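Read through the structure below, which is laid out as structure tokens, and then see the notes.
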Protein chains: 2
Amino acid sequence: MFNISSGGRKIPKAVIKRLSLYSRVLQAMEMRSVEKISSMELGEKLGLNPAQVRKDLAYFGQFGVRGVGYYVAELRKSIKRILGTDREVRVGLIGVGNLGLALLSYGGFARQGFRIVAAFDNDKRKVGSVKNNIEIFNVHELEEKIKVRAIDLAILAVPADAAQEIADRVVKAGISAILNFVPTRLVVPDDVKVHYVDLAIEIESLTYYLR
Amino acid sequence: MFNISSGGRKIPKAVIKRLSLYSRVLQAMEMRSVEKISSMELGEKLGLNPAQVRKDLAYFGQFGVRGVGYYVAELRKSIKRILGTDREVRVGLIGVGNLGLALLSYGGFARQGFRIVAAFDNDKRKVGSVKNNIEIFNVHELEEKIKVRAIDLAILAVPADAAQEIADRVVKAGISAILNFVPTRLVVPDDVKVHYVDLAIEIESLTYYLR
DNA sequence: TAGATTGTTAATCGATTAACAATC
DNA sequence: TAGATTGTTAATCGATTAACAATC
């Protein structure tokens, strides 16, 4: 597992997120057989400044052609390579409650090349069943399955009081990236990356803007 | 519906999000009968600088006592008032697919004082049924129910190609805040606030950090 | 009073945008 | 060549952090 070198500069997290957005726009363009796109067009579709688009890409190399723009298919391939989504990413989902269940059935992951290869729960009634073609294992088997199924990335959707313990276990089993839906700040080693998705905070802060 | 005045300065979106986080920490403190808290303690629990905590709060007034700190219950009440979550916020959920269904059953919203008062779908098999005590209406009734049920806020969880049309309709019906789970940039009037939650982007950008 | 911690201003840091030479 | 658009540097803008007087 490696990323295209960024020459030692540290890349802002926001740049990486925009890279993902570019990739999606480019995917749509490619499907419509558009051959090239300028930083201005790409920016417009996402509400971003064209200079920002160029600068984001420049962190990783020179992908455009002066006077022409960027070749859609080529740029998309480069970005996927940078993100590491040019190959299948294997995902484990821990916690098959309401949210976990939704994530199991969510089509958006598979569409971007992610594959949930195992789900885990501690509810005996769920363990052993199959949802959306994905087996649900007993959470006791977590470490073993992470190894055997070569899981790269964990999605946490467990109750708040179990989150830290599960995080410790997946990290110990070698996982270095966690998508955390639990509103608990996880304490993990520096080289483990956690992204937080906090639905309650999203809706609460939105309320501020109600007229 | 009103917010505590901020004296004309525009408040960064990030400040509002942190306010929500403070509120949650304070809620937990209150439950443990903690009486006061310093900006340092509050910051530590969220990985934030104490000066930032004080500055965030200072946008809205003076809530602390020099030499003492902040009174937990009092500060929490003030923040809830600022956010507008000191009263019930009435939510409509549009799109009862996998994700929508999960959001219907998601306990986190109710816990923060949000109440989903109606759900909508265009699938005849779903319309008329009740999930988690919430009725699912035909999407044709959207405008009418927004009015009759005094819906403040819409959650969008529809297919991508329907998102803009639905957004247009809810805005026309008077909604000014949308939580959008659909990976489509919505075009709305300036005074309508849209928050995007993009699960595919979250996981894709996380992949960059895999070792 | 002495110690602690706020509220706020100034300094720093980082990210976005503008500008323009390079070049297709 | 003329026109267009990149890649990149410099200018601007905004957000975070440090510092400290005010004050409980």
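None of these values were measured; they are calculated from a predicted model.
Here dC24(D) presents its P atom at 16 Å from CZ of Arg54(B), a figure rounded to the nearest Å. Between the NZ atom of Lys36(B) and the P atom of dC24(D) there is a distance of 16 Å, rounded to whole Å. Rounded to a whole Å, the CZ atom of Arg66(A) is 5 Å from the C1' atom of dT6(D). Atom CG of Leu46(A) is separated from atom C1' of dT17(C) by 17 Å (rounded to the nearest Å). When rounded to the nearest whole Å, the span between CG of Leu42(A) and C1' of dT6(D) equals 13 Å.
Counting heavy atoms from C-beta on, the side chains of Met29(A) and Val25(A) come closer than 4.5 Å.
Between Phe137(A) and Phe120(A), the ring planes are tilted. Angles from 30° to 60° get that label.
Of the listed residues (Ile155(B), Leu104(B), Val91(B)), just one forms a side-chain contact (heavy atoms from CB on, under 4.5 Å) with Phe109(B), and that residue is Ile155(B).
Among the nucleotides dT9(C), dA18(C), dC24(C), the one closest to the side chain of Lys55(B) is dT9(C). Of the candidate nucleotides dT6(D), dA18(C), dT16(C), dT16(C) has the atom nearest to the side chain of Gln52(A).
Checked by atom type, the side-chain pair Tyr22(A)/Asp56(A) shows a donor-acceptor distance below 3.5 Å.
Along DNA chain C, the nucleotide nearest to Val68(A) and the one nearest to Asn49(A) differ in position, and the one closer to the 5' end is contacted by Asn49(A).
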